[in-house]
Amino acid sequence: MRVPERPTLEGLESKWSAVWDRDGTYSFDRSAPRERVFSIDTPPPTVSGSLHVGHVFSYTHTDAVARYHRMQGREVFYPMGWDDNGLPTERRVQNHFGVRCDPSVPYDPTFEPPAEPSEKEPVAISRPNFVELCLRLTESDERAFEALWRTLGLSVDWTLTYTTIGPRAQRISQRSFLGLLARGAAYQLEAPTLWDVDFQTAVAQAELEDRERPGAMHQVRFSAKGGGDAVIETTRPELIPACVALLAHPDDERHAALVGGEALTPLFGTTVPVLSHPLVERDKGTGLVMVCTFGDLTDVTWWRELSLPVRPVLAPDGRLAEVPWGSPGWESADLERARASYGELSGRSINQARRRIVELLEESGDLLGEPQPVNRAVKFYEKGDRPIEIITSRQWFIRTIEHKQELIEAGRKLRWHPPYMRARYEDWVNGLTGDWCVSRQRFFGVPFPIWYPLDAEGNAIYANPIGAAADELPVDPSTDVPDGYAPEQRGQPGGFTADPDVMDTWATSSLTPQIAGQAGEDQALFEKVFPMDVRPQAHDIIRTWLFTTVLRSQLDEGELPWANAAISGWVLDPDRKKMSKSKGNVVTPMHLLEEHGADAVRYWAASGRPGTDTAFDSKQMKVGRKLAVKLLNASKFALADLPPQAEELAHPLDRAMIGRLATLVADAEESFEDYDYARALQRTEEVFWWYCDNYLELVKGRRYDAAPEIYGPVSRALRISLSVFQRLLAPFLPFVSEEVWSWWQQGSVHRAAWPLAAELRAAAVVGGQSELEELALEVTAEVLAEVRKAKSQAQRPMRAPVARLLVRDTQERLQALALGAGDLRQAGSIERLETEHAEEPSVEVELGEQG
RNA sequence: GGGCGCGUAGCUCAGUGGGAGAGCGCUCGCUUCACACGCGAGAGGUCGCAGGUUCGAAACCCGCCGCGCCCA
């Protein structure tokens with residue numbers, strides 16, 4: 001036993017993380033049988049941001065659970081992943097190196113980025129070169145992240161680390177995609193697609209968010225073919241040239257005469273049908289709306305259900321495209337005017353075109369009244385700056401809609417923590433309106449392992465995609481060549497061309513269980529860890545990460561990817577707002593850990609219940625630090641120069657205390673099994689402070705007694721109880737727990753066995769009078785509190801002698817008190833203890849003379 | 001508009017049918033032989049509002065109000 005003179009928390013992080021690394025304390029032993037494995041589908045943090053307090057918060061939750069299961073004797077599969085795939089990295093690389101990805105540029109193995117990067121005139125480089133730069137940049141980020149996680153004390157096995165852009169992730173993503181394609185679960189289609197005009201890529205429904213934006217409602221006059229006006233209201237007059245129909249509600253009598261007829265668009269003279277549809281909102285505006293291809297998602301619905309033609313005007317860059325007026329589909333009652341009007345709009349951005357067409361409509365008299373300002377929700381790509389448009393393009397989709405019911409059932413089989421989070425998943429699945437668009441017109445992602453043959457004219461034959469051979473994965477079709485073709489045939493008539501797109505970042509991260517478990521690469525390992533025990537994640541990505549992982553697992557494995565979903569909340573500013581970027585950057589996690597210590601920060605994090613948003617609170621970290629210091633000092637008191645222990649417990653108070661521990665252990669265990677680490681911590685902490693303030697004070701006399709029959713049993717009680725507290729606190733305060741454990745035990749506390757409630761219970765009832773002894777502990781502590789109160793009110797020190805203490809109470813409680821009387825007298829410096837039977841308990845304290 | 005969550009002491013929160021609680025903060029006191037990064041004590045609440053179920057409601061049901069998140 002080696003107990004330091006002045007124990008301290010300083011330096012414990014670096015000391016113990018080095019030891020854990022050296023000893024492989026958290027190594028996953030793959031020889032363990034499947035039923036003993038506990039596997040975690042760790043969320044891979046995006047390396048292109050910075051880690052913030054929210055990460056520290058939620059990763060601590062998972063770590064506490066992981067440590068608990070490890071102490072239960074399970075082999076914990078706890079990998080870390082880095083999400084370096086996707087747009088955020090791409091943007092950083094462009095700015096950092098002054099480059100731009102152009103998939104048509106050939107790979108240059110000797111390429112070096114410009115010495116003086118220019119954001120204005122970036123160098124065009126091949127996709128493989130671009131990916132190399134992404135990897136170069138993310139590598140240093142990943143080292144910094146790992147250092148933070150080690151300081152925080154995450155018990156991950158660092159040999160299992162993966163990245164979402166690494167070869168393994170690419171191989172598994174491409175293999176999965178080719179499988180989906182072969183089974184018809186993935187398909188390609190030219191269709192209206194959600195489109196970001198700045199990034200110039202398709203995006204998925206799950207990546208949209210609503211933002212309130214000011215707009216204006218314009219009343220615009222169309223002329224009915226049979227004579228008279230048809231007045232519509234729109235916030236997007238620039239789409240009048242893309243108008244394909246006018247619609248009224250079927251029950252709207254105001255427009256009944258128009259329905260079934262035709263109307264002419266203003267300025268362009270295009271003939272459009274007037275139809276009816278129940279989705280039209282009668283009480284909005286005039287009750288008459290125009291359908292354009294495409295102004296919003298409702299337009300797509302109307303277009304599809306009413307089999308309307310396409311009259312696209314928006315180019316992928318968000319400007320109005322050239323339009324062939326006079327050709328089929330672009331007929332006009334007044335071609336000259338249509339061409340002249342459109343000439344004013346062509347080439348302009350959406351906003352410019354809107355301003356110009358309003359002027360034109362005013363001049364022609366077709367704009368009625370002043371545009372009315374309105375605030376409305378506009379859909380944005382969550383990373384974008386301009387509203388989403390809908391543009392027809394060729395994209396890859398994964399079938400989703402037809403699996404809705406199956407997905408809902410899967411969600412019901414999953415155990416959610418907390419349970420109400422399932423509703424978010426189910427709402428999302430129920431609200432899905434289309435299959436999952438997985439192709440992105442970006443560069444730093446996993447490419448589709450697909451080429452297309454070119455016909456004699458050099459046109460791609462999309463109906464006959466050429467998939468990469470399984471043993472050649474991963475491929476980059478922009479530089480690799482499909483089987484049966486020569487490199488020179490790229491782009492040549494009769495040759496081949498690459499699919500230019502990459503997969504949606506979620507299309508890769510939806511496979512994290514397979515990537516971490518190495519599906520198809522190390523199948524024996526995969527079968528050991530899949531389906532995983534738990535997916536920990538935050539609630540904001542239930543509709544994306546959680547949903548898509550369930551979908552992919554259903555499609556590829558035919559089962560749920562995990563048994564449990566542990567959903568964490570967010571960290572909020574003290575003013576209850578979502579933690580802002582600026583604030584999160586000021587309070588960097590490393591600074592927090594340095595200021596308060598890792599155990600203290602973990603304590604704060606672990607007190608946030610599953611699923612519950614928690615306010616950032618440095619006061620809680622100070623409380624955590626106090627707890628860690630208390631564990632140091634209580635351990636020092638109990639263990640330093642601890643006399644030899646007896647074989648058995650002998651004192652009623654000792655046995656009763658051990659009985660309380662038995663209850664605590666069972667309680668903490670039950671909470672942990674239900675992923676409620678916060679409750680486990682709260683209970684443990686509560687009992688630990690009670691133990692320090694009452695039990696330790698009561699037994700001091702016996703602990704220092706000279707007689708072996710006195711100190712032997714109490715020495716045993718102290719060993720048992722300290723050992724239990726050190727282990728119960730280990731999942732939360734891994735550093736200080738390991739420190740105090742090392743004073744007197746072999747091996748790591750984090751590989752020690754979780755205490756057995758039944759064993760403690762058995763030790764506690766040896767005397768056979770456990771109920772009376774429990775009462776003894778309770779009554780003794782209560783009377784001691786009365787003594788302290790009297791001293792406190794008399795403003796005397798706690799060691800001030802009590803000349804006489806009179807306790808009045810029931811027979812039973814007095815009988816119990818007799819069992820603790822010796823300890824009470826010593827702890828309260830009580831010279832004379834008298835008792836008297838009474839129905840109403842009371843205590844009289846006569847303090848000794850002062851001085 | 002729909003769904004979910006929340007509303008308990010100044011603050012952060014625990015408490016799912018029978019005593020209104022913890023920590024922090026505040027006030028007062030104590031060099032106490034593990035710990036002044038400590039110890040002891042005290043003050044502080046019509047449990048959002050209104051109704052209902054019940055012998056009994058902070059808890060269960062209904063409605064309303066307020067806050068937050070997700071979705072439309």
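Below, all heavy atoms of this structure are taken into account, side chains as well, without hydrogens, waters or symmetry copies. Chain A is the first sequence line, chain B the second, and so forth, proteins listed ahead of strands; every chain is numbered from 1.
Partners of A/H403 according to the ring pair (Phe, Tyr, Trp, His ring centres under 6.0 Å) rule, which considers only residues two or more places apart in sequence or in another chain, do not exist here. When the salt bridge (charged side-chain N to carboxylate O under 4.0 Å, His left out) test is applied to A/R609, the partners found at least two apart in sequence or on another chain are A/D676. Every residue meeting the side-chain contact (heavy atoms from CB on, under 4.5 Å) condition with A/S792, not counting sequence neighbours, appears here in chain and number order: A/M798. The side-chain hydrogen bond (donor to acceptor under 3.5 Å, both in side chains) check on A/S635 picks up A/Q726, with sequence neighbours excluded. A/E669 pairs by the side-chain hydrogen bond (donor to acceptor under 3.5 Å, both in side chains) definition with A/W754, not counting sequence neighbours. A search for side-chain hydrogen bond (donor to acceptor under 3.5 Å, both in side chains) contacts involving A/K700 returns A/E697, not counting sequence neighbours. Contacts of A/E281 classified as salt bridge (charged side-chain N to carboxylate O under 4.0 Å, His left out), with partners at least two apart in sequence or in another chain: A/K284. Remark: A/W741 engages no residue in a side-chain hydrogen bond (donor to acceptor under 3.5 Å, both in side chains) (not counting sequence neighbours).
For A/D693, whose side chain is taken as the heavy atoms from C-beta onward, the closest listed nucleotide among B/A34, B/C39, B/C69 is B/C39. Relative to the side chain of A/Q795, the nucleotides B/G29, B/U32, B/G38 differ in distance, and B/G29 lies closest.
Pairing of B/G45, defined by two Watson-Crick or G-U wobble distances under 3.5 Å, is not identified with any nucleotide. The pairing partner recorded for B/U31 is none, the criterion being a Watson-Crick or G-U wobble arrangement whose two distances lie under 3.5 angstrom. In this structure, B/A50 makes no Watson-Crick or G-U wobble pair, since no nucleotide meets both defining distances under 3.5 angstrom. In a base pair of the Watson-Crick type (N1 to N3 plus N6-O4 or O6-N4) or a G-U wobble (N1-O2 and O6-N3), with each distance short of 3.5 Å, B/C55 is matched with B/G18. Pairing of B/C6, defined by two Watson-Crick or G-U wobble distances under 3.5 Å, is identified with B/G66.
When the P atom of B/C71 is taken as reference, atom CZ of A/R211 falls 13 Å away, rounded to whole Å. Summarising the geometry, the separation between CD1 on A/I541 and P on B/C69 is reported as 17 Å, rounded to the nearest angstrom. Atom CG in A/D613 sits roughly 17 Å away from atom P in B/C67 (whole-Å rounding).
RNA chain B is contacted by both A/L9 and A/R799; A/R799 maps to the nucleotide lying nearer its 5′ end (nearest heavy atom per residue). Residues A/R625 and A/E209 both approach RNA chain B. Their nearest nucleotides, taken by heavy-atom distance, put A/R625 toward the 5′ side.
A salt bridge links A/R211 to A/E209: at least one charged side-chain nitrogen sits closer than 4.0 Å to a carboxylate oxygen. With respect to the salt-bridge test (charged N to carboxylate O, under 4.0 angstrom), the residues A/E844 and A/R808 qualify.
Side-chain contact between A/N564 and A/W416 is absent, with no heavy atoms from C-beta onward closer than 4.5 Å.
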Measure all distances between protein nitrogen or oxygen atoms and nitrogen or oxygen atoms of nucleotides 41-45 of chain B, and list the pairs falling under 3.5 Å.
from	atom 1	to	atom 2	distance (Å)
B/A41	O4'	A/S792	OG	3.2
B/G42	OP1	A/K789	NZ	3.4

I'd like a list of close polar pairs between nucleotides 1-4 of chain B and the protein, N/O only, cut-off under 3.5 Å.
from	atom 1	to	atom 2	distance (Å)
B/G3	O2'	A/D427	OD2	3.0

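Under 3.5 Å, the side chains of A/Y711 and A/Q645 contain no donor-acceptor pair of N or O atoms. Side-chain contact of A/S671 with A/Y677: a donor-acceptor pair under 3.5 Å is absent, judged by distance alone.
A heavy atom lying under 4.0 Å from RNA chain B marks none of the residues of residues 664-673 of chain A.
Taking the six-membered ring where the residue is Trp, the centroids of A/Y695 and A/F725 are separated by 6.0 Å or more.
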message = I need a per-nucleotide contact map over nucleotides 14-24 of chain B, read 5' to 3'. Cutoff is protein heavy atoms under 4.0 Å; write B for the base, S for backbone only, - otherwise.
response = SS-------SS
